[in-house]
Amino acid sequence: MKRPALSELAGRYDLVVIGGGITGAGVFREAVRSGARVLLVEAGDYASGTSSASSKLVHGGLRYLKSGQWRLTRESVRERQRLLREAPGLVAPLPFVMPIYADRPPGRWLMQIGLRLYDAMAGVRRSAWLGADAALAREPTLRREQLRGAMLYEDAQTDDARLVLRLIVDAVAAGGTAINYTEARLRRDGARVAGVTLRDVADGSEREIGAAVVVNATGAWADRLDGAPPGAPKLRPLRGSHLLFSAQQLPLRQAVSWLHPRDGRPVFAYPWEGAILYGTTDLDHDDDLAQPRPTAAELAYLIEGLQAQFPDHPLQAHEALATYAGVRPVVAGGQADPSSESRESALWTAPGLVGITGGKLTTFRVTAREVLEAAARQQPGLRPASATPLFEAQAGDRFAARYGRVGAAAIGAAPEAERQPLGDTPYCLAELRWALQHEAVLHLDDLLLRRTRLGLVSPRGGEALYAPIGALCREVLGWDETRWLRECERYRTIWRTRHAPPP
């Protein structure tokens, strides 16, 4: 997948999708499958917003049962099961233990009832009760004092940015067109949206493109799209913050979920991409949507919860490998507690436009098909095709799951030296080479924060790996020393601003 120039784009498309996160990528993939001529436009890099800063969980949301969001939970757990079948290796089972203590909630029977409902909605039985000894045998790091046992249940995990990239790359291979680092504003013909005016952020060039229908899939920016007609719902951006620690610092064997002792909100920690991911918060975000970062108060809250559950591993925020925060595009429902707001998606239409926001990572495929059904009421050729498997399943093959069969073959054929893990991470130079060659990388942060997650799971953002990565960038992208130094400075600034642990 090469990044096209604006001059290479067609003058008109059946559908233009604005937004390269999980929702836009899902709409793009489903629309291309319908046989439509489709263009995807992203103002920054693909998945550079919320879709690279989620909790990486493909799940139903146990807490949604408590708030009565039955339909959303049922839809989510069924989509979780579908993704486990159709994207093995990219969406992987994640068994959780939730320890039950005599001195704090939740109680065993309440959790058992909730998990039985959870399993019934999914159509699979995955939950079970473990006695205290069995719970500690499964996860020895648990706090032992007053431990009665643990509930065992299952959800799933993914690399959110790679899932987005896989959808986009597959859609381009099937005939779609995608371009990143390109801003879009809507063009109007009277009351009707007639297309977009694009501006290439890289070179400043502009181009007008016609469209039968435009989809606004800009997530947290959905009510701010330039030129959009009225109709977008009022959003309540909510920030979720996370910490990543090395597996040596917190040697978890599997995922652990518990209730934070301060407010009873669910938190979790689990092994992810060679590190331990821990989160999350759920707070109103009133700052810059493009550059969220955890506040000192959030980090203190997270550390308080971590130390309560793992007293033998008294970690501090400054010891983390990295931090990150994402902004959830939640539709404002007037709830006092941010966590009580619904995670349902919201869809609206205007002549020539379909807007979509809210929703969950897990249900992106259902959301995409709903968007196309709405678009088809204006342009019948956009009706979604019959549902088919998302990807060609190749269980157990990490590279095939992340890069597709062709990418996996190229990575597997690389010299052995390029297939060796980089530090304590699961990544290798061969997959960086593939990304540089085929995944529209414009900047170093594209490569280290989204095509791979080296910047999150390596000490100091992967600084010790600059030499081999720089050599690869010079070879594949033709960067000279000046460009490489400029990219390093850009990347360091982004990492210090958004991902560095506190001093």
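Computed from a predicted model, the values in this text were never measured in an experiment.
- Residue A322 comes nearest to G455 through the heavy atom pair CB-O, 4.3 Å, listed as atom of the first residue, atom of the second, then distance.
- Using a distance-only test at 3.5 Å, with no hydrogens or angles considered, a donor-acceptor pair links the side chain of K360 to the main chain of H59.
- Atom CZ of R343 is separated from atom CG of L238 by 5.5 Å, given to the nearest 0.5 angstrom.
- For R236 (side chain) and G334 (main-chain N/O), no donor-acceptor pair under 3.5 Å exists by modelled atom type.
- Taking the ring centroids of W434 and Y427, they lie at or beyond the 6.0 Å cut-off.
- Put simply, CD on E431 and CG on L447 are 9.5 Å apart, with the number rounded to the nearest 0.5 Å.
- Exactly one of Y278, F268, F96 qualifies for a ring pair (Phe, Tyr, Trp, His ring centres under 6.0 Å) with W258. That residue is Y278.
- For the pair E75 and R82, the salt-bridge criterion is not met [side-chain N within less than 4.0 Å of a carboxylate O].
- Taking R29 as the reference, nothing meets the salt bridge (charged side-chain N to carboxylate O under 4.0 Å, His left out) condition, with sequence neighbours excluded.
- Nearest heavy atoms, G219 versus P329: C-CB, 3.5 Å.
- The salt bridge (charged side-chain N to carboxylate O under 4.0 Å, His left out) search around R450 returns D45, D445, D446, not counting sequence neighbours.
- Aromatic pair H438/Y403: ring centres not closer than 6.0 Å.
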**OP:** Go through the steps for R143 and Y101 under the test side chain to side chain contact (heavy atoms under 4.5 Å, CB included), then give the verdict.
**Re:** CA-CA 9 Å; R143 179 173 77 100; Y101 293 93; 3.3 Å; yes

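- A cation-pi contact links R37 to Y13, judged by a cut-off of 6.0 Å to the six-membered ring centre and 45° from its axis.
- For F245, the ring pair (Phe, Tyr, Trp, His ring centres under 6.0 Å) test picks out no residue, with sequence neighbours left out.
- Checked options V267, L250, I276; the residue passing with L306 is L250 (criterion: side chain to side chain contact (heavy atoms under 4.5 Å, CB included)).
- Dense packing is recorded around CZ of R365, with more than 12 heavy atoms of other residues, nucleotides or ligands lying under 6.0 Å away.
- Defined by atom type and a distance below 3.5 Å, a donor-acceptor pair is missing between the side-chain atoms of E154 and Y118.
- The pair R405-D397 fails the salt-bridge criterion, with no side-chain N (NZ, NE, NH1 or NH2) lying under 4.0 Å from an Asp/Glu carboxylate O.
- The backbone N or O of R253 lies less than 3.5 Å from a partner atom in the side chain of E139, making a donor-acceptor pair.
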**OP:** Evaluate the criterion side chain to side chain contact (heavy atoms under 4.5 Å, CB included) for residue pair L83 and F364; output intermediate values, then yes/no.
**Re:** CA-CA 11 Å; L83 289 168; F364 75 86; 4.0 Å; yes

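- Applying the ring pair (Phe, Tyr, Trp, His ring centres under 6.0 Å) test to residues at least two apart or on different chains, the pairs with a partner in residues 221-244 are H242-Y324.
- Counting only residues at least two apart or in different chains, side chain to side chain donor-acceptor pair (under 3.5 Å) contacts with residues 287-305 comprise R239-E298, S241-E298, R262-E304, D263-Y301, T281-E298, T295-E298.
- Under the side chain to side chain donor-acceptor pair (under 3.5 Å) criterion, the residue pairs touching residues 169-179 are R166-D170, with sequence neighbours excluded.
- In terms of heavy atoms, V330 sits closest to S342 at CG1-O, 3.6 Å.
- Using a 3.5 Å distance cut-off with no hydrogens or angles, the side chains of T218 and N216 do pair a donor with an acceptor.
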